[in-house]
Amino acid sequence: MAKLRILTFPDPRLRKVASPVTKFDKSLEKLVSDMLQTMYEGGGIGLAASQVNVHKRVIVIDISEDKGDPMIFINPEFKILNDKSLLSCKEGCLSVPGIEEEITRPDNIYLTWQDIHGNIYEETPSGLLTVCIQHEIDHLEGKLMVDYLSPLKRDRIRKKANK
Ligand code: NI
């Protein structure tokens with residue numbers, strides 16, 4: 001395992017759209033284990049490959065208290081089942097260090113993904129996982145949590161980051 005360098009806002013590489021994983025091979029396994037180590041050492045609960053400058057649709061998440069329950073999502077996709085059902089959470093991001101902001105997202109979604117071997121799964125997640133997976137899928141689309149904030153707030157964060 002190796003710790004990877006995390007890109008931080010406003011690095012333009014965070015805006016690239018990631019492409020689907022088509023090969024479920026050893027290099028995917030290595031990427032996932034490196035991403036897990038990077039997430040754990042950074043103290044995060046989720047990491048998208050885009051954040052380590054690998055523009056593939058790969059996400060790792062661990063929302064367990066003892067950090068012993070790594071979840072891996074390859075090519076994740078979601079559909080909103082009820083856009084009136086919303087959840088607000090204070091979100092942070094390893095690519096926007098030192099910032100925590102409340103963001104509102106739909107909390108009733110249908111999620112599909114593949115595991116590291118290419119097997120397909122589906123679930124209607126709940127609570128923190130719903131928020132976390134949407135935050136990470138945003139990264140794969142080149143979208144960041146700062147995009148949900150007011151332009152004024154976003155500019156303030158950008159200025160602070162450029163210092
Ligand atoms: Ni993030």
Side-chain angles (χ1 to χ4, degrees), residues 1-21 28 30-65 67-80 86-107 109 111-114 116 123 125-163:
M1 290 206 285
K3 195 178 168 215
L4 306 168
R5 207 176 81 84
I6 298 175
L7 304 176
T8 55
F9 174 74
D11 193 310
R13 290 171 291 182
L14 287 168
R15 298 303 187 177
K16 285 193 192 176
V17 177
S19 39
V21 171
L28 179 63
K30 166 109 174 58
L31 172 65
V32 164
S33 79
D34 289 350
M35 282 173 62
L36 281 168
Q37 187 186 355
T38 306
M39 175 183 76
Y40 287 130
E41 286 189 20
I45 59 170
L47 188 73
S50 313
Q51 293 177 270
V52 292
N53 202 26
V54 177
H55 301 281
K56 293 260 161 88
R57 304 189 82 84
V58 177
I59 286 169
V60 295
I61 289 176
D62 191 339
I63 51 171
S64 69
E65 239 159 66
K67 297 283 168 259
D69 185 20
M71 291 185 275
I72 296 152
F73 300 89
I74 314 292
N75 299 327
E77 280 178 38
F78 73 94
K79 269 193 278 206
I80 298 165
L86 302 170
L87 181 64
S88 294
C89 253
K90 265 223 159 69
E91 295 185 23
C93 180
L94 291 173
S95 293
V96 194
I99 303 293
E100 272 202 349
E101 292 288 344
E102 185 136 317
I103 293 172
T104 302
R105 299 181 187 270
D107 78 338
I109 64 168
L111 178 70
T112 58
W113 73 95
Q114 284 172 282
I116 202 161
E123 199 182 306
S126 62
L128 183 56
L129 180 59
T130 315
V131 168
C132 198
I133 192 77
Q134 288 180 72
H135 175 118
E136 301 309 332
I137 290 175
D138 274 351
H139 277 299
L140 304 182
E141 297 297 329
K143 193 169 176 181
L144 297 170
M145 59 174 274
V146 295
D147 301 346
Y148 292 88
L149 309 177
S150 69
L152 187 72
K153 225 172 208 175
R154 189 160 54 245
D155 270 356
R156 215 177 286 150
I157 295 170
R158 185 183 288 118
K159 277 184 194 132
K160 215 168 122 194
N162 281 335
K163 255 182 209 158

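In each ligand, atom 1 is the first atom listed, and ligand 1 is the first ligand listed.
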- Sequence neighbours excluded, every pair satisfying ring pair (Phe, Tyr, Trp, His ring centres under 6.0 Å) that has a member inside residues 141-163: none
- Residue from E136, E91, K67, H135 passing side chain to side chain contact (heavy atoms under 4.5 Å, CB included) with I45: K67
- Item | the Ni ion (ligand 1): protein N, O or S atoms that are less than 2.8 Å away, sorted by chain | C93 SG, H135 NE2, H139 NE2
- Message: Between S88 and I103, is there a side-chain heavy-atom distance shorter than 4.5 Å?
- Response: no
- Message: Per the salt bridge (Lys or Arg N to Asp or Glu O under 4.0 Å) rule, what does the pair list look like for residues 4-20, sequence neighbours excluded?
- Response: D11-R13, R15-D147
- Any salt bridge between K30 and D34, counting N to O under 4.0 Å? yes
- Query: Tell me, which pairs form a salt bridge (Lys or Arg N to Asp or Glu O under 4.0 Å) where one or both residues lie in residues 46-63, sequence neighbours left out?
  - Reply: R57-E141
